[in-house]
Amino acid sequence: MTHPEFDAPEPPAEVSASSLLDALGRPLHDLRISVTDRCNFRCRYCMPKEVFGPDFAFLPRSEVLAFEEITRVARLFAERGVRKLRLTGGEPTLRAQLPSLVAMLREVPDVDIAMTTNGTMLRALAQPLADAGLDRVTVSLDSLDDPTFRAMNDMDFPVALVLEGIAAAERAGLAPVKVNAVVRRGVNDHTVLALAEHFRGTPHIVRFIEFMDVGTTNGWQMDEVVPASALVAAIDARFPLEPVEANYTGEVAQRYRYRDGAGEVGFITSVTQPFCSTCTRARLSAEGGLYTCLFAGEGTDLRGPLRAGATDADLGAIIDGTWRARTDRYSELRTAQTPGSRKRVEMSYIGG
Ligand code: SAM
Ligand code: SF4
Ligand code: SF4
């Protein structure tokens with residue numbers, strides 16, 4: 001497979017001379033912060049029960065970064081050009097006192113703060129999180145068909161409560177909500193049109209995500225990936241679509257709008273049309289590992305130095321060195337044979 005667009009990388013327009021660039025010329029713009037490795041769902045594509053069962057050893061509390069530690073790291077990233085922080089997990093809303101963390105992160109200058117959640121706790125938490133300074137939420141919802149959704153989260157959790165969570169986010173001023181749906185052939189692909197139709201005419205934006213081979217436990221097979229191009233064609237046939245320009249370089253979703261003005265949908269084509277050449281994201285695991293790719297096998301430890309009294313300059317040098325050395329482009333190099341061939345961290349550990 002060749003990647004001509006990668007052979008001669010053009011720096012994105014917004015890269016300034018002072019930007020921290022990786023080895024392939026990509027700037028650092030986003031930091032995804034996993035605040036817990038735990039979750040109340042067992043989505044089969046992410047944390048299958050057979051692996052993440054009652055005996056699974058989640059991180060003990062002492063190994064998880066404290067809010068002060070997370071905020072310090074976030075500030076150092078912001079000083080290096082990061083403008084977007086995204087709280088994720090595991091399920092971020094399971095972390096006790098999450099609004100307090102958001103309030104602390106709000107003190108970091110010039111950052112947008114978002115969260116990706118399964119939505120189950122939003123009925124109670126949307127308002128406190130918005131009051132603390134959260135800007136936006138993405139809610140994962142793979143199907144509106146209740147039996148399909150219950151099977152996918154594998155905890156028999158009903159759709160209705162997630163929809164109530166989305167409504168709570170809207171009331172709290174966190175709209176437009178992005179709704180993430182992972183599509184798996186033969187599992188929920190028959191419910192894609194209904195999901196698109198439900199959110200047509202609302203400010204919310206459904207983003208269909210190709211099933212990815214993250215981690216090593218979800219039994220990924222290429223033939224379970226429904227190419228985004230097929231989804232675009234299926235939705236376009238029922239509700240005509242037209243493409244929309246990306247908001248910014250590095251935006252992961254391909255955007256389309258309904259020709260009749262009923263809103264937008266997005267497609268995250270990580271498998272069939274990878275976007276590594278514009279990937280500007282770093283990830284901080286719950287225990288303070290810095291990962292430069294969703295498919296990384298190893299992270300760079302920040303917790304050790306943080307707890308050993310490292311100065312901001314020391315920590316900054318580790319971050320700079322890690323980003324400058326970055327050559328990740330896993331999705332561009334993926335082949336159908338890739339799974340199983342190398343160690344990869346689980347998505348629930350570093351967040352999506
Ligand atoms: N628990 C939160 C949630 O589900 O929104 C945040 C963490 S979850 C790991 C982040 C995102 O990754 C979710 O939208 C989820 O659907 C997506 N995801 C997890 N496993 C995936 C996979 N194998 N392929 C594609 N997306 C996946
Ligand atoms: Fe939990 Fe999110 Fe993974 Fe589902 S996708 S198991 S909700 S972390
Ligand atoms: Fe970024 Fe890695 Fe995903 Fe490529 S595979 S887009 S480098 S996270």
Side-chain angles (χ1 to χ4, degrees), residues 5 10 12-14 29-30 84 86 112 114 116-117 119 135-146 148-149 152 159-160 162-171 173-212 224-280 331 352:
E5 79 282 17
E10 284 283 320
E14 66 261 37
H29 279 168
D30 315 62
K84 286 190 175 190
R86 176 171 295 276
D112 179 80
T116 303
T117 172
D135 292 306
R136 288 174 298 110
V137 285
T138 297
V139 177
S140 301
L141 176 57
D142 298 327
S143 180
L144 286 175
D145 178 63
D146 203 50
T148 304
F149 183 64
M152 285 186 85
V159 167
V162 178
L163 291 175
E164 284 180 29
I166 293 174
E170 197 173 343
R171 281 194 301 278
L174 295 171
V177 173
K178 288 183 181 151
V179 177
N180 274 1
V182 176
V183 181
R184 210 169 167 176
R185 191 185 301 284
V187 177
N188 65 333
D189 53 338
H190 62 296
T191 67
V192 160
L193 265 181
L195 191 58
E197 185 167 16
H198 181 86
F199 289 101
R200 255 173 61 84
T202 76
H204 311 313
I205 302 171
V206 183
R207 297 154 6 129
F208 295 101
I209 305 178
E210 290 177 345
F211 174 38
M212 290 187 285
E224 284 187 63
V225 178
V226 181
S229 55
L231 297 178
V232 173
I235 296 173
D236 179 58
R238 175 78 179 81
F239 306 113
L241 294 172
E242 62 190 0
V244 183
E245 282 294 299
N247 279 325
Y248 52 88
T249 308
E251 184 169 46
V252 293
Q254 287 185 14
R255 299 168 60 203
Y256 286 80
R257 70 178 147 242
Y258 295 110
R259 287 182 187 266
D260 65 1
E264 262 191 42
V265 275
F267 300 88
I268 301 183
T269 60
S270 343
V271 178
T272 61
Q273 299 167 65
F275 35 79
C276 301
S277 61
T278 56
C279 178
T280 56
S331 288

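Sequence positions, counted from 1, serve as the residue numbers for this chain. Source: prediction; values computed, not measured.
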Which distance, rounded to the nearest 0.5 Å, do you find between the [atom1] of [X] and the [atom2] of [Y]?
| X | Y | atom1 | atom2 | value |
| --- | --- | --- | --- | --- |
| Leu163 | His198 | CG | NE2 | 5.0 Å |
| Thr117 | Leu174 | OG1 | CG | 11.0 Å |
| Met152 | Arg184 | CE | CZ | 7.0 Å |
| His29 | Thr278 | NE2 | OG1 | 11.5 Å |

side-chain contact (heavy atoms from CB on, under 4.5 Å) between Asn188 and Phe149, worked out: CA-CA 8 Å; Asn188 65 333; Phe149 183 64; over 6 Å; no

Check against side-chain contact (heavy atoms from CB on, under 4.5 Å), Ile235 and Leu193: CA-CA 6 Å; Ile235 296 173; Leu193 265 181; 4.2 Å; yes

Pair Arg136 + Asp112, salt bridge at N-O below 4.0 Å: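 Salt bridge: yes.
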
Salt bridge Asp260-Arg200, side-chain N to carboxylate O under 4.0 Å: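 Counted as a salt bridge, because a side-chain N and a carboxylate O are separated by less than 4.0 Å.
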
List the atom of [X], the atom of [Y], and the distance in Å for their closest heavy-atom pair.
| X | Y | result |
| --- | --- | --- |
| Thr269 | Glu210 | C-OE1, 3.2 Å |
| Val232 | Leu241 | O-CD1, 3.9 Å |
| Gly119 | Val139 | CA-CG1, 4.0 Å |
| Ser143 | Val159 | O-CG2, 3.5 Å |
| Pro203 | Pro176 | O-CB, 3.0 Å |
| Cys276 | Ser331 | SG-N, 3.6 Å |

Worked check of side-chain contact (heavy atoms from CB on, under 4.5 Å) between His190 and Thr148: CA-CA 10 Å; His190 62 296; Thr148 304; 3.8 Å; yes

Heavy-atom donor-acceptor pair, Asp189 side chain to Val183 backbone, under 3.5 Å: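 Between the backbone of Val183 and the side chain of Asp189 there is no qualifying donor-acceptor contact (under 3.5 Å).
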
Donor-acceptor contact present, side-chain Asp30 to main-chain Lys84, <3.5 Å: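 Not a single qualifying donor-acceptor pair exists.
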
Thr138 and Arg207: side chain donor to acceptor below 3.5 Å: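 Side-chain D/A pair, Thr138 to Arg207: absent.
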
Pair Val206-Val192, side-chain contact (heavy atoms from CB on, under 4.5 Å): steps then yes or no: CA-CA 10 Å; Val206 183; Val192 160; over 6 Å; no

